[in-house]
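The block underneath contains the structure these notes are about, expressed in structure tokens.
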Amino acid sequence: MSQIDSTTPRKILVLGATSGIAEATCRIWAAQGARLFLVARNAEKLAAVATDLRTRGASYVDTAVADLDNTDQHPTLLAHAVNSLTGLDVAYLTYGILGDQAKAEQDFNTAAQIIYTNYMAPVSLLTWLANFCVQRHAGTLAVISSVAGDRGRKSNYLYGSSKAGLSAFLGGLRNRVDREGVTVLAIKPGPVKTAMTSGMKGSEKFADVDAVAKSIVNAIDKRQDTLYVPFQWQPIMFIIRNIPERIFKKLNL
Amino acid sequence: MPTASGTTPELNFRTPDEQFEGQAPFESWGRYPNYDANVVPLHWQSDYPAVASGMHNGVLPVGMGRSYGDVCLLNGGNLLVTTGLNRLIAFDPETGLLTAEAGITLAQILDFAVPRGFFLPVSPGTKYVTLGGAIANDIHGKNHHVAGTFGRHVTQFELVRSDGTRKLCSPTENSDFYAATIGGLGLTGLISWAQLRLKPIVSRLIDYEGIQFHGIDEFLDLTRRSQDIEYTVSWIDCASTGKNFARGVFMQGDHSTKRDMLTPSPKPKLVFPFDAPGFALNHLSVSLFNTAFFHKQIHNRVVALQDYEPFFYPLDKVLHWNRMYGKRGLLQFQYVIPWESAREGTITILKEVAKSGLASFLAVLKVFGDVPSPGMMSFPKPGITLALDFPIKPDKSFPLFERLADMTREFGGRLYPAKDAAMTAAQFQAFYPQWQQFARYRDPQLTSSFWERVTGDRPGL
Ligand SMILES: Cc1cc2nc3c(=O)[nH]c(=O)nc-3n(C[C@H](O)[C@H](O)[C@H](O)COP(=O)(O)OP(=O)(O)OC[C@H]3O[C@@H](n4cnc5c(N)ncnc54)[C@H](O)[C@@H]3O)c2cc1C
């Protein structure tokens, strides 16, 4: 079949496999015949995604239902995953929560939850994964951070700060493992139009989820360090990062 | 194996960057009428009917909104957009049976199926419609004379009612709901998934032939001679009178039997970028367009190998071409008139259109064959079908439509709900006398602006 890659199937672990971006990305990999291990929290949704990817041509799909906030379980879960995949070429972290900014401004527990899910839990996963890859001198860790982490804004600075922490962590980790043959890709998407919003007015300016997925697959193949997607976000965030604070603090963003 | 701890609340794995704020209005393809509704995207089969249970003012599942009028609208109600339900469930490369969630588009099906050597059994003039929408309107294609409607190729589906019951429907199981749901205008329940029989192909290409004709008799003559060709359709110039009256181009094709490329399609690049001002469309520009289209086919007869995309979906190259008609939108009018009066009816209606001075860019003429549809409310029946679209000119369009609908009725024909925004309750009830029998299968929570309009009430709410 013309669209199917002839190279040996890649072994890919997806953490947060029921997110729209993850699903779109996995469809590309499935069509290439990849081996996939999918983790998500909701069993029913996970099963629907797994069935879809099997039908689309993934050569192997295994799943685990897990709450990734539960960091104690990470070593068992990850060991099981690489075992099932018989190795690991790419680990793809796509999960996160926006959280309730207004509530988090008043209530530290809400704030802590956002930071835990978006920063602490990924640090736990990435620590294990990075060490595993370093031992084998191979592998790519592809992680969805956010343009929101590039500068804190009043409308979502808790989410933004958790992603800023994650981006900084990824930078440092890359600096540590690059010489070991391990790639760390930080993905920073802007707003994405998912299949659910098609046919509606106003969502036209959002990025197409399939195009975003294609860019991510491409960036992983090219062993890129950072991906702003769509690419226009790179210059936009450059400008936003460089607005002087005395002006920025007066802006309504 | 680790499992969810159970007590913690449901964590949404959707990446926050994908979420968007605010309420987006939902438009049908004709952009008329224009109604406010609460638009709720469904992402998962399990989202329904839980989301519907708390909703007042009625619910309607919708797909890509590629219907022209109000079958996919519900004024003041709740629209459940199904396009997030686009997962595949099973595919058998031996039989071509594909099972998928109902919000998958025909475009997505083609991208999956063509590289595997399969094609849609029936295809409308755009591939941007959903599987569920195709079933609910029991759509027809250029091969109706040999293949019948879309519903004929749907082997089974699941129907979810707002009370949570799930029915497996097939010609043998819950066959009454099967018949009511095919062509059931989204009113019998949510189609959550469906199984479709695809047809094998060996090439992307179509053996194409285009032939000019002058008048309905030449059209009928060409039709008779093309009985064995799988796809036939005609474009007809309905702006011209006199010796050019009912001239057109007869287009026919078969899947090429020469083994060739089977690749997925490139994404469309052109997007019609703005709403055209009203003055851009007038009788003159339409006449010019029609004359140009007629003469684009320079020779009386053209034979070519053509990719299936331009053959089936010539307009899909330009996404949102409906904006060409401006903000006011467009009206479609599609009838079928049975053979007894098809010729006379078509000529009479074409004359009425030409006389009105309201011109149509896209007038499509075709014959329907006698392959019966499984749907209780399906539109096609043997005879001639004509589809016209018009920019909306409030003072002129609606009176013309009323006249054309009455003529259709006199000639024993009927109109296509998927393309309608104007027929009256009396007209609808005359076209579809089985509507009351059908109404017994309606889900009490489900209704549409179309249904309210043509039955005269908002039943059950
Ligand atoms: C350019 C163009 C060309 C066309 N050519 C043709 C043609 O050749 N032949 C033809 O027959 N039609 C044609 N159509 C019309 C189109 O095929 C139909 O209107 C089709 O039903 C639209 O599908 P949709 O997914 O956009 O559904 P929508 O328009 O969103 O909805 C259509 C109906 O389906 C129901 N529905 C949608 N999803 C579900 C579900 N999951 N469960 C239950 N009900 C559901 C809705 O309630 C509604 O009643 C054309 C339209 C366009 C724009």
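Order of the sequence lines fixes the chain letters, A, B, ..., with proteins taken first and strands second; residue numbering starts at 1 for each chain. The analysis underlying the following values was restricted to heavy atoms, covering all of them including side chains, and did not include hydrogens, waters or symmetry mates.
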Please say whether more than 12 non-hydrogen atoms of neighbouring residues, nucleotides or ligands are located less than 6.0 Å from CG in A:Asp107.
yes
Where do B:Glu101 and A:Ala48 come nearest, in terms of heavy atoms and distance?
OE2-CB, 4.4 Å
Contacting moiety of A:Val49, where chain B heavy atoms sit under 4.5 Å:
both
Greater than 12 external heavy atoms within 6.0 Å of A:Arg241's CZ:
yes
Hey, what do you get for CD1 (B:Ile89) to OG1 (A:Thr51), rounding to the nearest 0.5 Å?
7.5 Å
Full working for side-chain contact (heavy atoms from CB on, under 4.5 Å) between A:Thr18 and B:Trp44
CA-CA 10 Å; A:Thr18 53; B:Trp44 305 94; 3.7 Å; yes
Check B:Ile104 against A:Arg56 and note the closest heavy-atom contact, atom names and distance.
CD1-NH2, 4.5 Å
If you count every heavy atom of other residues, nucleotides or ligands that lies below 6.0 Å from A:Glu44 atom CD, does the total exceed 12?
no
Are any non-hydrogen side-chain atoms of B:Gln45 and A:Lys45 less than 4.5 angstrom apart?
no
Contact class of A:Arg54 relative to chain B, heavy atoms under 4.5 angstrom
neither
Considering residues, nucleotides and ligands other than A:Met120, do more than 12 of their heavy atoms fall under 6.0 Å from its CE?
no
Please evaluate residues B:Asp111 and A:Arg27 with respect to the criterion side-chain contact (heavy atoms from CB on, under 4.5 Å), reporting the C-alpha separation (whole Å), side-chain torsions for both, the decisive distance (0.1 Å), and the verdict.
CA-CA 12 Å; B:Asp111 279 347; A:Arg27 284 181 181 181; over 6 Å; no
Within a radius of less than 6.0 Å around CZ of A:Arg151, do more than 12 heavy atoms belonging to other residues, nucleotides or ligands occur?
yes
Atom pair CG/CG of B:Leu88 and A:Leu53 - distance to nearest 0.5 Å:
9.0 Å
